[in-house]
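Working notes for the structure below.
None of these values were measured; they are calculated from a predicted model.
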Amino acid sequence: MQIKAIVYTSETGNTAKYAKKLGEKTKLKVYSLEQALTALPDGTEIVYLGWLMASMVKGYKTAAKKFRILLVCGVCLGTSGSQLEEVRKMNAIDEKVPLFTLQGGFDMQKLHGMNKFMMKIMRRILKNQIEKKPEKTPDDEKIVWMLDKGGSVVCEEYLEPVIKQIECI
């Protein structure tokens with residue numbers, strides 16, 4: 001097995017940033033899912049990155065129909081390494097496939113249609129849950145900042161375990 005490419009789906013640009021940084025570090029070619037569907041042959045072994053919405057990795061099912069996915073990264077509001085069990089279950093990702101979640105960012109201005117509508121509701125729910133906590137963590141504060149102001153916390157450091165795993169494949 002040898003990974004041939006990195007393929008991603010991004011809505012607000014955070015997943016694209018991670019995919020491009022990962023491509024730079026691993027020297028793998030990077031494609032949006034739309035590009036990859038025409039540029040890469042069926043069965044190509046890839047790393048797939050998609051943004052998370054309700055624990056669903058956007059574009060994963062489409063990518064899995066065409067490519068052999070050897071590693072998955074979901075980019076989310078939550079802290080890196082969170083939601084792994086739910087993401088694996090919701091997307092039916094095989095236990096043998098390494099799965100990572102990476103904290104990305106949020107920008108309501110870049111969302112459209114149903115995604116924007118749903119995130120307006122989710123933003124209120126998430127903020128309410130965090131505000132009810134008796135003690136807020138720095139991660140809670142970071143999430144509230146992203147929800148209120150919009151912003152990105154994409155960080156090369158979050159990719160280190162992903163890069164190590166790719167080197168082992």
Side-chain angles (χ1 to χ4, degrees), residues 1-107 110-119 121-122 126 143 146 152-169:
M1 286 187 291
Q2 184 179 353
I3 296 169
K4 307 286 191 300
I6 296 166
V7 177
Y8 71 91
T9 299
S10 188
E11 180 81 0
T12 62
N14 294 295
T15 307
K17 287 178 192 175
Y18 274 125
K20 290 171 185 167
K21 284 180 185 275
L22 191 57
E24 290 169 15
K25 293 290 186 184
T26 62
K27 306 296 188 235
L28 291 166
K29 281 195 111 177
V30 178
Y31 299 89
S32 70
L33 179 57
E34 187 177 311
Q35 294 168 330
L37 290 172
T38 56
L40 298 174
D42 290 4
T44 299
E45 295 171 322
I46 67 164
V47 168
Y48 185 76
L49 287 81
W51 58 283
L52 293 183
M53 182 173 215
S55 298
M56 296 297 294
V57 180
K58 290 296 188 165
Y60 174 78
K61 288 185 179 180
T62 300
K65 288 177 186 172
K66 180 166 172 92
F67 307 114
R68 185 155 181 241
I69 301 175
L70 301 181
L71 184 145
V72 178
C73 293
V75 178
C76 59
L77 271 173
T79 57
S80 292
S82 65
Q83 302 172 255
L84 293 171
E85 190 175 312
E86 308 96 271
V87 171
R88 189 174 296 281
K89 183 179 177 183
M90 291 294 292
N91 295 276
I93 298 169
D94 190 287
E95 288 293 327
K96 295 176 189 145
V97 176
L99 171 64
F100 297 86
T101 55
L102 307 169
Q103 190 171 36
F106 181 77
D107 188 344
K110 292 182 179 177
L111 296 176
H112 305 284
M114 186 57 77
N115 292 335
K116 188 169 194 165
F117 173 76
M118 290 177 67
M119 282 311 295
I121 295 167
M122 284 305 302
L126 286 170
I143 291 168
M146 285 188 283
S152 176
V153 294
V154 169
C155 177
E156 202 170 291
E157 178 183 314
Y158 297 155
L159 285 173
E160 288 174 9
V162 177
I163 293 166
K164 285 180 183 170
Q165 185 66 51
I166 289 171
E167 290 168 353
C168 294
I169 295 176

Next on the checklist: Can a donor-acceptor pair be found, under 3.5 Å and without considering hydrogens, that links the side chain of Thr9 to the backbone of Gly50?
Outcome noted: no
Taking C-beta and beyond as the side chain, do Met146 and Val153 meet within less than 4.5 Å on heavy atoms?
yes
Got Leu40 and Phe67 here, is their nearest side-chain heavy-atom distance under 4.5 Å? yes
Side chains of Glu11 and Met53: closer than 4.5 Å at any heavy-atom pair? no
Side-chain heavy-atom pair Leu159, Lys21 within 4.5 angstrom cut-off
yes
By side-chain contact (heavy atoms from CB on, under 4.5 Å), Ser10 pairs with (sequence neighbours left out) Tyr8, Thr15, Ala16
Scanning both residues in full, the closest heavy-atom pair of Ala19 with Leu49 reads N-CD2, 3.8 Å
Quiz item: Under 4.5 Å between any side-chain heavy atoms of Val97 and Asp94, yes or no?
Solution: yes
Q) Taking C-beta and beyond as the side chain, do Leu102 and Cys76 meet within less than 4.5 Å on heavy atoms? A) no
Rounded to the nearest 0.5 angstrom, the CG-CG distance for Leu77 and Asn14 is 9.0 Å
Output for pair (Ile46 CD1, Lys29 NZ), nearest 0.5 Å, gives 14.5 Å
One should read off an interatomic distance between Tyr158 OH and Thr79 OG1, to the nearest 0.5 angstrom, of 8.5 Å
Rounded to the nearest 0.5 Å, the CD1 atom of Ile69 sits from the NZ atom of Lys65 at a distance of 11.5 Å
With distance as the sole test, does Ser80 use its side chain to make a donor-acceptor pair with the main-chain N or O of Gln103 at under 3.5 Å? yes
Those residues at least two apart in sequence (or on a different chain) that pass salt bridge (charged side-chain N to carboxylate O under 4.0 Å, His left out) with Asp42 are Lys66
Which of Leu22, Val7, Leu70 passes side chain to side chain contact (heavy atoms under 4.5 Å, CB included) with Val47? Answer is Leu22
Would the number of heavy atoms belonging to other residues, nucleotides or ligands and lying under 6.0 Å from NZ of Lys116 be above 12? yes
Scanning both residues in full, the closest heavy-atom pair of Tyr31 with Ala39 reads CE2-CB, 3.8 Å
Checklist entry - Can you check whether Gln35's main-chain N or O pairs, donor with acceptor, with Ser32's side chain at less than 3.5 Å? => result yes
Could you walk me through whether Val75 and Thr101 pass side chain to side chain contact (heavy atoms under 4.5 Å, CB included), step by step? CA-CA 6 Å; Val75 178; Thr101 55; over 6 Å; no
Note: Lys27 and Glu24 closest approach over all heavy atoms is NZ-O, 3.3 Å
So CE of Met56 and CE of Met90: to nearest 0.5 Å the spacing works out to 5.5 Å
For Thr12 and Asp107, test the side chains for any donor-to-acceptor distance below 3.5 angstrom and give the result as yes or no. no
Tightest non-hydrogen contact, residues Val154 and Tyr18, listed as CA-OH, 3.5 Å
Output for pair (Thr62 OG1, Leu37 CG), nearest 0.5 Å, gives 7.0 Å
Contact check, side chains of Leu71 and Gln165, non-hydrogen atoms, under 4.5 Å: yes
Shortest non-hydrogen pair, Val57 vs Tyr48, comes out as CG1-CE2, 3.8 Å
For residues Leu52 and Lys58, determine if any side-chain heavy atom of one lies less than 4.5 Å from a side-chain heavy atom of the other.
no
Exercise. Has the side chain of Asn115 got a donor or acceptor atom that lies under 3.5 Å from a matching backbone atom of Leu111?
Worked result: no
From the list Arg88, Glu85, Lys89, Glu86, side chain to side chain contact (heavy atoms under 4.5 Å, CB included) partner of Ser55 resolves to Glu86
